[in-house]
Amino acid sequence: MGSMNAVEIEEAISVLAERPFDPTEFPYAFLQAFGNKETTLSRLRAGNTNKSDVGGVLQRNNIHLAVAPPGEVSAKLSQLRESPATTKQKAKFILATDGETLEAEDLASGEPLACAWDELPDHFGFFLPLAGITTVRQIRENAFDIRATSKLNKLYVALLKENPAWGSDERRPDMNHFMARLIFSFFAEDTGIFAESRLFTDTVSRMSAADSSNTHEVIGTLFRAMNTKHADRENAGIPRWAASFPYVNGGLFSDKVDVPRFSRTARSYLLQVGSLDWKQINPDIFGSMIQAVADDEERGALGMHYTSVPNILKVLNPLFLDDLRAKLEEAGDNSRTLLNLRKRIARIRVFDPACGSGNFLVIAYKEMRAIEHEINRRRGQPGRPSEIPPTNFRGIELRGFAAEIARLALIIAEFQCDELYRGQKDAIQEFLPLDAENWITCGNALRLDWLAICPRTGTEVKLLGDDLFNTPLDQPEIDFENAGGETYICGNPPYKGRNKKDSTQKGDLAAVAGPRTSKHRTMDYVAGWLLKLADYISAVPGTAGAFVATNSVCQGEQVPVIWPLVYERGVEIFFAHLSFTWSNLASHNAGVTVVVIGLAANGTRSKCLYSGTSMRLVASIGPYLVPNTTVIVKATTTPLGPQKKMYLGSMAKDGGNLVMSLKAARDLVQNHGVNSAFVRQFFGSEEVIYGKPRACLWIDDSHADSALKNAAIAEIVERVRRFRRQSDAPSTRAFASTPHRFVQLSAASGTRAIIVPRVSSENRPYLPVSYFAAGPVIGDKCYAIYDAPLWNMALVASRLHWVWVGTVCVRLEMRFSYSNTLGWNTFPVPALTDQNMADLTRCAEDILLAREVHYPATIADLYDLETMPDNLREAHERNDEVLERIYIGRRFRNDTERLERLFAMYTQMTANEKRSSTARRMRG
DNA sequence: AATCCGACACTAT
DNA sequence: ATAGTGTCGGATT
């Protein structure tokens, strides 16, 4: 099976449906459209793999399809359904067609499909499981949006090819604006906004020459007409054939913008896009798909950056929609209460300072219209004009095309809601001309003053440009009539981790956070939005906001950097969704793990913690998204308690040269005369967890000269030198002069070591930890405690430590990512008596002995939740029992209690630390 | 001089 | 192809 994405499949099916029906070739062409390779098809043709018993084509585990004699499609489908081969070969679909009609069935769900042959492209989504695309239901329900995206993309590319200058930075906005006008025109001609159906497409088709030479002039004339009031058209020289186009204006048609020249291909794509049924557009989904069209880098993943509505509602519902719905519920049929609620809704502003193509805004708008409609229905006023002004939905977006689409998406959403709740006639009547205001700002949200875009509400004075905390570089001059009311800020801003920001993004973050902390470089890019949100909330009382963010803003080193700055504004977390994966339509869903964080002024909202579908009320939510504690844990280089010092292993930075497989090392010694004294076992995380060491070259400076006399060693070392010299990082280049050794020899070593892998699976009930005698090289994917009493290992292996590290250290997606400074040194351990240490040492020994029994089982084997041996489980239970008795004199009831105790102890121990260091300073 | 992170990056199945 | 689970080394303190 190929790896075509939905957009590519749509294209292939469209091509198939446009060609004359070929009964012999159809089954193969169909399979090809879903990504089957030529070799697969030729084997089916030859009959080797064709299992059909009704004269069709049956691909195992896939589809049984057959061509029917004219008019006998239903009969053929029955035949396919009843065929024993269909069941035996586990076909997922059956399909029959005679080239006039087509019938099919999804055998798993029983869902039928019947359509005319040439409508097949409208239903391609039905068959997507054939291409391995099964997970996302939305894609099937939004076949139109994918088709439109695919065709617009072709048009966009063809236009850029014909007008290379339009791809430049200066002209790109014109190009984007042009595309937005086109999309609007297609929508308008299919929804009755234009006087006749297909008016735009037909006019272009009729008036422009087939050789495409004057297509741009025709379109330009139509756009000009739409920007000219009827009374002025004669003076403006608008020709008669453009007369039936309405006056649209709004921001959309007001500026004078050229039309790009069309090639023949571009013209034909234009007409194809126009022939789609734009009534079916879903502005939220379409927008997030189409925005990739104008993005050179993203175009490869066209249509794949769709964000699901349920995920967006994870932000909007707890932020304010749930409350509105609850108020609606309470109001019942009380006309007066309902009226007040309607007035309240009409004054709510929703502001997304990272709005992309506007899907948060569109969904918020639609949900609010639904509530308003229900109010009107209960008050006996169905079909009443909406009081919710689209100008209350504001956004900032950096990418020009996305910003254009966001504006358009809101316009379309408004029309569709009017049509749904008030009927087509009213919707059309009041639709034009469009409002002139542009309430989506194209710009850099971290550089703009949010108060200028979404000013304080109520009767206060205008606050344009009054930014309390920063001096913006660029201020849009927006002065909306201010309705008064609540403001809700929402969105899914971009994430860029510590090492992934480009220089512009670093600058943006420095502008926001630089004045307040020198550590802004460690913050994720998304933190800039969180800080500006906190600023806005403190400046405009009553505001609440929620963003989707990478979960690492609530973990590890970022917590002590970001959250004090939020709290310092008098702002707190009032709801949060714990980590979940943010999925899109990309086939290899490089998922990112996110949280949703809701912020509001201290004490203004009750606190809700969401996890999956469950929700619980809590007293407070801390920056680790843990209930009832707002403690922040800071990395420290020395242990807080009695635990011994833990060191990071040695870092290779060798371009994969010094470290090698055992086999390669053996080959060096046996066949290339390498002295075995220079070869040592090497352990990283994986090597520890799976008990499979690798090898590395380990050459002391004093032996470097003699080692390099060996040709094989010299060659390896030369490759290391080259790799380091070519590195972008100065910290690596600096070690190009000592290529025979690791860049960093761990600060310590010893005869025995307790080893802790850095990254490990979240599916184990205890952190992996191992114990080695001297000899192997410990790589930087491990930490080590050298020559320490074994009770240190008892701590690492405890459930208490699992809970602590899982909370305060960062995670890679959901994996544990261990840290000495953040997780080990900060781990609150009470003072230990000699007896305590002896007991814990015994527990650690028992754990090692329990593992020993199962030799050669690895840590991965032993700590698999399903198959963990009883004796090992018992050894850990005893370890936890002994340790927890030291903490509180009994076992903890659960992990929540463990965490609460640990945070309480941490607070106490760090307070003592502060006091004693102050005392030391005073004495000194 | 030491370490934290990854709108990830692999491998195994 | 996707479920499962940690490499690797740049950028930062």
Side-chain angles (χ1 to χ4, degrees), chain A residues 1-4 35 131-135 298 301 304-305 307 354 492-503 506 517-526 548-553 555-561 581-584 586-594 635 637 645-656 659 684-690 694 723-724 726-735 742-748 757-764 768 779-783 809-825 860 864:
Chain A
M1 193 61 42
S3 57
M4 288 165 79
I133 301 172
T134 52
T135 44
E298 272 192 79
M304 297 299 114
H305 286 277
T307 48
N492 178 17
Y495 328 143
K496 288 285 167 193
R498 183 161 86 154
N499 294 352
K500 310 259 173 171
K501 298 186 287 289
D502 63 32
S503 56
K506 284 174 187 168
T517 174
S518 58
K519 297 192 176 166
H520 56 268
R521 290 176 194 84
T522 59
M523 294 195 293
D524 193 286
Y525 194 42
V526 71
V548 186
T550 167
N551 59 355
S552 41
V553 297
Q555 299 161 355
E557 65 174 2
Q558 295 204 52
V559 170
V561 180
T581 50
W582 187 263
S583 53
N584 57 41
S587 56
H588 48 268
N589 216 338
V592 50
T593 307
V594 300
T637 49
K645 200 163 165 59
M646 184 183 277
Y647 296 89
L648 182 65
S650 309
M651 194 176 278
K653 289 196 184 179
D654 62 338
V659 178
S685 285
E686 204 169 341
E687 289 74 21
V688 172
I689 291 170
Y690 295 95
R694 281 187 286 170
F723 169 81
R724 289 185 185 164
Q726 285 163 8
S727 167
D728 289 337
S731 61
T732 301
R733 283 200 302 272
F735 288 86
F742 284 33
V743 297
Q744 204 176 80
L745 303 177
S746 190
R758 305 193 70 173
V759 175
S760 65
S761 169
E762 71 274 28
N763 294 322
R764 301 187 182 109
D780 75 316
K781 301 305 169 268
C782 284
Y783 290 98
C809 291
V810 83
R811 288 173 178 243
L812 205 179
E813 288 195 339
M814 286 303 286
R815 286 341 74 73
F816 289 99
S817 185
Y818 199 90
S819 153
N820 54 351
T821 61
L822 273 165
W824 175 249
N825 293 342
D864 184 324

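To find a chain, count down the sequence lines: A is the first, B the second, and so on, and within it residues start at 1.
- At least one donor-acceptor pair under 3.5 Å links the side chain of D524(A) to the backbone N or O of K496(A).
- Panel note: side chain E687(A), backbone G684(A); a donor-acceptor pair is recorded below 3.5 Å.
- Distance, R724(A) CZ to dG10(C) P: 10 Å, rounded to whole Å.
- Using modelled atom types, no side-chain atom of N763(A) and backbone atom of D864(A) make a donor-acceptor pair closer than 3.5 Å.
- Evaluation of the ring pair (Phe, Tyr, Trp, His ring centres under 6.0 Å) rule for Y818(A) yields Y783(A), H801(A) as partners, not counting sequence neighbours.
- For R521(A) and dT3(B), the CZ to C1' distance is 17 Å, given to the nearest whole Å.
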Per-nucleotide protein contact along nucleotides 4-9 of chain C, 5' to 3', at a 4.0 Å heavy-atom cut-off (B base, S sugar-phosphate only, - neither), is -BBBBB
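- Between the OH atom of Y525(A) and the P atom of dG6(B) there is a distance of 17 Å, rounded to whole Å.
- One N or O on the side chain of K645(A) and one on the backbone of T637(A) form a donor-acceptor pair closer than 3.5 Å.
- The separation between K496(A) atom NZ and dG6(B) atom P is 12 Å, rounded to whole Å.
- Stretches of at least 3 consecutive Watson-Crick or G-U wobble pairs, with each checked distance under 3.5 Å, appear in DNA chain C as B:1-6 with C:8-13, B:8-13 with C:1-6.
- Remark: C1' of dT13(C) and CZ of R498(A) are 8 Å apart, rounded to the nearest angstrom.
- Note: CE (M523(A)) to P (dC5(B)) measures 14 Å, nearest angstrom.
- F816(A) is linked by a side-chain contact (heavy atoms from CB on, under 4.5 Å) to S760(A), E762(A), L767(A), W802(A), V805(A), R811(A), counting only residues two or more places apart in sequence or in another chain.
- Using a 4.0 Å heavy-atom cutoff across all strands shown, P730(A) reaches no nucleic acid atom at all.
- In this structure, N825(A) and Y495(A) both approach DNA chain B, and ranking their closest nucleotides by distance from the 5' end singles out N825(A).
- Within 4.0 Å (heavy atoms only), P768(A) reaches no atom of the nucleic acid at all.
- Note: NZ (K519(A)) to C1' (dC5(B)) measures 16 Å, nearest angstrom.
- The side-chain contact (heavy atoms from CB on, under 4.5 Å) check on S685(A) picks up P757(A), R758(A), K781(A), with sequence neighbours excluded.
- For the C1' atoms, the distance from dC4(B) to dC8(B) is 15 Å, rounded to whole Å.
- Under 4.0 angstrom from either OP1 or OP2 of dA7(B) there lies no side-chain N or O belonging to T593(A).
- Comparing the same atom, C1', in dG6(B) and in dC10(B) gives a spacing of 13 Å after rounding to whole Å.
- Protein atom OH of Y818(A) is 11 Å distant from nucleotide atom P of dC4(B), rounded to whole Å.
- For R498(A), the side-chain hydrogen bond (donor to acceptor under 3.5 Å, both in side chains) partners two or more places apart in sequence, or in a different chain, are E557(A).
- Under a 3.5 Å cut-off, the side chain of K519(A) and the backbone N or O of P560(A) do not form any donor-acceptor pair.
- Atom C1' of dC5(B) sits at a distance of 14 Å from the matching atom of dA9(B), rounded to the whole Å.
- In the interface, the side chain of Q744(A) is paired with the base of dA2(B) through a donor and an acceptor atom under 3.5 Å apart.
- Residue-level contact check: F816(A) touches neither bases nor backbone, having no heavy atom under 4.0 Å from any strand.
- Taking atom C1' in both dA7(B) and dT13(C), one finds a spacing of 25 Å when rounded to whole Å.
- Looking at heavy-atom distances under 4.0 Å, K506(A) makes contact with sugar-phosphate atoms alone, never a base.
- DNA chain B is contacted by both S552(A) and S731(A); S731(A) maps to the nucleotide lying nearer its 5′ end (nearest heavy atom per residue).
- Without hydrogens or angle criteria, R724(A) side chain to K653(A) main chain gives a donor-acceptor distance under 3.5 Å.
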